Visitor: 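Pasting a structure here, questions to come.
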Amino acid sequence: MDYKAKFDQLVEKEQYLAAYQHLQEHAIHAYEDNFINANMGWILNQLRRYEEALAYLRKALRQDEKDGWIYGQIGFAYNHLDDVQNSLFYLRKALEYGEDVAWVHAEIGYAYHVQGAYRKAIEAYQNALLEDQNNIWGKEQCAKCMLAQQEYEEASILLRQVIEQEPKQIESRLLLASLYEQQADYQAAIEVLSCLEKTNDAEVLFHLGVCLRRINDPQQALAYLLRAHEAGKDDTALQSELGYVYLQSNEKEQADACFRQALSYYQQALRKERHTVDIYHEMALLYDQIQEYEQAIDCLMKIAEKDQANDAIWEQIAHLYGKMGDHEQAVIFLWKCKESERGIEWHSQLAWNYGRLREHEQALRCLKQAEKLGRNDVWFELEVAWNYTQLKAYERSLAHYEKALAMSENDAWIRSQIAWNYGMLKRHEEAIALFSALISEHYENGWLYANLAWNYLEEKKTQKAYAALLKAKAYDPEDEWIREQLAHMETDRRQL
């Protein structure tokens, strides 16, 4: 058997290192043709030793400057050295010299893919698939580019084809599941991944946990996320997701610990990464969760310092200032947004802050603008009602509380506000009836009993007022008005 046949035999068995050593032993034949240099380059590409591969491939090219296969191998090596410009040059040369085959088109696709030129990448991958319709890697890469271009239907077709070819193909199932997650079809994502559960793949377990949280099954979600951690996943995504699951289960302390762990990983990443805008944005969201609003604002301002702030950033900063109670700063940042970008949320947030600054007329004007843009929900009606209450426009306030109630399935708190407005409008019997109905439904607190007592007093029903005040005091023993009213009534009772 000659050395070439022996080499082919070793390659067929995928014994690449042995094949490489075999060629080294027969390096004396390199002068005869380009077989030694070309195949040494190819073997080194398979072994991921790309710099060494290039040295041999250049020698082979000097021996035959029109060998398209060698140009393709050089392009392949440059691709994996992240030298996209040289990669594309040599891959195009490969096509020019007749190497018009699937893998060359796929490598061209990958080069464009790395650059973020997704449309060109898709075209190249599709050319590769015309040559080799069963190329799983090409289909997966093409689908990734389609997802980046938001071509969801086209991507899902390719991914389903891969799954049909290879039912246990993990990456394709993860990509298809991610697509369903983006479309908020979490049950479909679970169905795609459930057959892979026994692989104990960390990413599969993680995504199952993510989807279960989204369909409000925090207990199951936590189990999968902890399994993902045991399987080796421990990054910002996992720790953040664990935090949200613990929040869903009302375990605030555990949630904060996970959010802080995620933040520590992001801080480590900041020391390594040059592209930090996304990191700062994610950190701001986590600082918001643990109620460290100043830190969150600091992260967002760092984005602004890099001249990458946009209206969404200004709105987010305003939202954080609002949570801190600094409504003046919130208003300042909201007014930084471009007029063309001032939508429903912008007008709503501005109204909320103006209301807390006691600029109720201005708040109502903003709410009117939000309504014109299509806002029509419980929050809107409650906010309008609250501002009218502050202006003592009780009829208008009552009308909006009633609208809110019609949208909210007999909410007890809204009914209590309606009862309070009845009292302000001197409709005391209606107020008493509604407060009493709420108590019979076990909706009770100090404020409610105090207001019931006040309405009884206005109706001169002192015995019932006294009983209600005693209930109110049991809830709020330090409330000054309750104590004063009880003191007056007890004095009157002693005098009688």
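Just so it is clear, the model here is predicted, and its values are computed rather than measured.
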Visitor: To the nearest 0.5 Å, what is the distance between CG on N455 and CE on M424?
Guide: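 Output value for this atom pair is 7.0 Å.
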
Visitor: Report yes if the side chains of E171 and K144 come closer than 4.5 Å at any heavy-atom pair, otherwise no.
Guide: yes

Visitor: Check whether any side-chain N or O of E458 sits under 3.5 Å from a backbone N or O of K426 as a donor-acceptor pair, and report yes or no.
Guide: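 Not at all, since once roles are kept as given, no pair shorter than 3.5 Å links the two residues.
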
Visitor: What do you reckon, are the aromatic ring centroids of H400 and W386 less than 6.0 Å apart?
Guide: no

Visitor: Salt bridge check: are K368 and E371 linked by an N-O gap of less than 4.0 Å?
Guide: yes

Visitor: Between the main-chain N or O of R213 and the side-chain N or O of Q248, is there a donor-acceptor pair closer than 3.5 Å?
Guide: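 Side chain of Q248 to backbone of R213, a donor-acceptor pair under 3.5 Å: yes, one is there.
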
Visitor: Using a strict cut-off of less than 4.0 Å between a Lys/Arg side-chain nitrogen and an Asp/Glu carboxylate oxygen, indicate whether R375 and E383 qualify as a salt bridge.
Guide: no

Visitor: According to the ring-ring contact (aromatic ring centres under 6.0 Å, His included) rule, which pairs have a member within residues 324-343, sequence neighbours left out?
Guide: W314-F333, Y321-F333, H327-W352, W335-W346

Visitor: Taking the side chain as every heavy atom from C-beta outward, state whether E429 and E459 have any atom pair closer than 4.5 Å.
Guide: yes

Visitor: State, with a plain yes or no, whether a side-chain heavy atom of N310 is found less than 4.5 Å away from one of I303.
Guide: no

Visitor: Under 3.5 Å, side chain of Y125 to main-chain N/O of Y110, donor-acceptor pair present?
Guide: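 Answer holds: yes.
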
Visitor: Under a 4.5 Å cut-off applied to non-hydrogen side-chain atoms, are W454 and W481 in contact?
Guide: yes

Visitor: In the structure I gave you, are the side-chain heavy atoms of Q161 and L129 within less than 4.5 Å of one another anywhere?
Guide: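 A side-chain contact is absent here, since even the closest heavy-atom pair is not under 4.5 Å.
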
Visitor: Please check if any side-chain donor atom of Q169 sits under 3.5 Å from a side-chain acceptor atom of E140, or the reverse.
Guide: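 Their side chains do contain a donor-acceptor pair, which is all the 3.5 Å distance test asks for.
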
Visitor: May I ask you to decide whether R260 forms a salt bridge with D256, counting only side-chain N to carboxylate O separations under 4.0 Å?
Guide: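 No, no charged N to carboxylate O under 4.0 Å.
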
Visitor: For Q254 and L222: C-alpha separation, side-chain torsions, deciding distance, then whether side-chain contact (heavy atoms from CB on, under 4.5 Å) applies.
Guide: CA-CA 12 Å; Q254 282 274 48; L222 181 61; over 6 Å; no

Visitor: Flag the pair D298 and K302 as a salt bridge only when some basic side-chain nitrogen lies within less than 4.0 angstrom of an acidic carboxylate oxygen.
Guide: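 Between K302 and D298 there is a salt bridge, with a charged N closer than 4.0 Å to a carboxylate O.
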
Visitor: Is there a donor-acceptor contact under 3.5 Å linking the side chains of Q165 and K139?
Guide: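 Indeed, the side chains of Q165 and K139 share at least one donor-acceptor pair under 3.5 Å.
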
Visitor: Got L175 and V162 here, is their nearest side-chain heavy-atom distance under 4.5 Å?
Guide: no

Visitor: Checking Q261 against Y265: is there a side-chain donor and acceptor pair closer than 3.5 Å?
Guide: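 On atom types as modelled, these side chains qualify, holding a pair under 3.5 Å.
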
Visitor: Would you check if the side chain of D311 reaches a backbone N or O of K338 as a donor-acceptor pair within less than 3.5 Å?
Guide: yes

Visitor: Between the side chain of S397 and the main-chain N/O of A393, is any donor-acceptor distance below 3.5 Å?
Guide: no

Visitor: Side chains of L205 and H229, heavy atoms from C-beta outward: is any pair under 4.5 Å?
Guide: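 Answer no - side chains too far apart.
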
Visitor: Taking 4.0 angstrom as the limit, do E241 and R214 come out as a salt bridge?
Guide: yes

Visitor: To the nearest 0.5 Å, tell me how far L208 CG sits from L196 CG.
Guide: 8.5 Å

Visitor: Would you check, one step at a time, whether the test side-chain contact (heavy atoms from CB on, under 4.5 Å) holds for Q329 with I332?
Guide: CA-CA 5 Å; Q329 278 295 321; I332 288 168; 3.9 Å; yes

Visitor: Is it true that a side-chain atom of S436 and a backbone atom of A433 form a donor plus acceptor pair closer than 3.5 Å?
Guide: no

Visitor: Is N451 reaching over with its side chain to a backbone N or O of W447, donor-acceptor style, under 3.5 angstrom?
Guide: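 At least one qualifying donor-acceptor pair exists.
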
Visitor: Does the side chain of Y118 reach to within under 4.5 Å of the side chain of H113, using non-hydrogen atoms?
Guide: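 Counting from C-beta outward, Y118 and H113 do come under 4.5 Å.
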
Visitor: Using ring centroids (six-membered ring only for Trp), state whether F259 and Y244 fall under 6.0 Å.
Guide: yes

Visitor: With K323 as the cation and Y293 as the aromatic partner, state whether NZ or CZ is under 6.0 Å from the six-membered ring centre and within 45° of the axis.
Guide: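 No, a cation-pi geometry is absent between K323 and Y293.
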
